[in-house]
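These notes are about the structure you will find just below.
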Amino acid sequence: VGFFCLLDQTYPWYNRAMRLDKLLGQSGYGSRNQVKKLIRSRQVYVDGVLADRDNLNVDASLQTIMVSGKELEHAPEVYYLMNKPSGVVSARKDKEHQTVIDLDRDTEGLVLITNNGPLGFAMLHPRYHVAKTYYVEVNDILGPDAPAFFESGVGFEDGTVCQSAQLEILSSASDKS
């Protein structure tokens, strides 16, 4: 819970609420149209109050939602923080290496695993500008133009251009930078 308080204060764009009809549809109460009929037939209550519209925003982790006299079962959100060590392949299956999730073998660091889709989306989508820091070692000297290159957005042969990024060179040597 403390994590969410910090997140809600730090990232005001993060909101766990969703439309009541969407929540009920995802919970197995039928299609959107079937759920709308259910709500209009006065069988849905939110915190003891009759739901009078299907586009009502609700948060099932904070509110009690009753459907036809039964409380909506809400699967709690789970969060796992895992340290992924270097040398471990992160994939569903790999015939040669121990697997974890979907990161390459040389990557290492903290991995957040959650069933909280809105949080994952908000943390990863570029629109939300959540700052991420990476430590990278390369097997050569980075030139003095490297920070400007990253700032302008790295381009690839297929035409893909990454968003701009800040690059700070911590050390530089002929065998490792």
Side-chain angles (χ1 to χ4, degrees), residues 1-23 25-27 32 55-63 74-177:
V1 174
F3 176 73
F4 281 115
C5 293
L6 173 65
L7 187 65
D8 290 341
Q9 293 167 7
T10 307
Y11 300 105
W13 44 258
Y14 178 69
N15 184 354
R16 291 178 288 170
M18 77 167 56
R19 287 174 51 124
L20 179 60
D21 56 350
K22 182 177 180 182
L23 173 67
Q26 288 179 352
S27 299
R32 262 230 175 125
N55 66 349
L56 181 69
N57 278 331
V58 296
D59 184 338
S61 65
L62 299 174
Q63 296 174 292
H74 173 68
E77 294 155 343
V78 294
Y79 304 88
Y80 300 98
L81 289 175
M82 180 182 77
N83 179 46
K84 188 235 173 263
S86 180
V88 175
V89 175
S90 299
R92 297 178 107 200
K93 294 180 183 177
D94 187 282
K95 293 179 181 179
E96 295 179 37
H97 305 286
Q98 178 184 0
T99 63
V100 182
I101 298 185
D102 192 20
L103 299 169
D104 70 38
R105 186 170 178 204
D106 296 328
T107 303
E108 63 182 74
L110 188 66
V111 177
L112 170 64
I113 303 169
T114 182
N115 64 349
N116 182 335
L119 173 65
F121 179 80
M123 290 182 75
L124 295 174
H125 198 282
R127 158 176 65 197
Y128 297 112
H129 306 289
V130 175
K132 299 166 189 74
T133 301
Y134 301 93
Y135 175 82
V136 178
E137 290 183 0
V138 295
N139 57 359
D140 205 346
I141 294 178
L142 288 174
D145 61 338
F149 180 67
F150 275 75
E151 188 69 35
S152 66
V154 176
F156 293 92
E157 289 180 5
D158 68 356
T160 303
V161 179
C162 296
Q163 289 192 346
S164 64
Q166 292 181 331
L167 173 66
E168 178 184 353
I169 300 174
L170 301 176
S171 66
S172 185
S174 61
D175 62 336
K176 181 171 72 172
S177 292

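In this structure, the side-chain contact (heavy atoms from CB on, under 4.5 Å) partners of Asp175, at least two apart in sequence or on a different chain, are Ala173. Under the rule for a salt bridge (Lys or Arg N to Asp or Glu O under 4.0 Å), the partners of Lys176 that lie at least two apart in sequence or sit in another chain are Glu137.
For the atom pair NZ (Lys22) and CG (Asn55), the distance works out to 13.5 Å, reported to the nearest 0.5 Å. Atoms CZ and CZ, on Arg127 and Phe121 in that order, are 4.5 Å from each other to the nearest 0.5 Å. Taking CG of Leu170 as the start and OH of Tyr135 as the end, the distance is 6.5 Å to the nearest 0.5 Å. Asp59 contributes atom CG, which lies 12.0 Å from atom CG of Leu20 (distance to the nearest 0.5 angstrom). How far CE of Met123 is from OG1 of Thr114: 9.5 Å, rounded to the nearest 0.5 Å. Cys162 contributes atom SG, which lies 8.5 Å from atom CZ of Phe150 (distance to the nearest 0.5 angstrom).
Checking each of Ile141, Asp140, Val138 against Ser172 for a side-chain contact (heavy atoms from CB on, under 4.5 Å) leaves exactly one that passes, namely Ile141.
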(request) Starting from the C-alpha separation in whole Å, work towards a yes-or-no answer on side chain to side chain contact (heavy atoms under 4.5 Å, CB included) for Arg19 and Leu56. (result) CA-CA 5 Å; Arg19 287 174 51 124; Leu56 181 69; over 6 Å; no
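The shortest non-hydrogen separation linking Ser164 to Glu151 is CB-O, 2.7 Å. The minimum heavy-atom distance between Val161 and Gly153, with the atom names listed, is CG1-O, 3.9 Å.
Below 30°, between 30° and 60°, or above 60°: for Tyr128 and His125 the angle between ring planes is above 60°, a perpendicular geometry.
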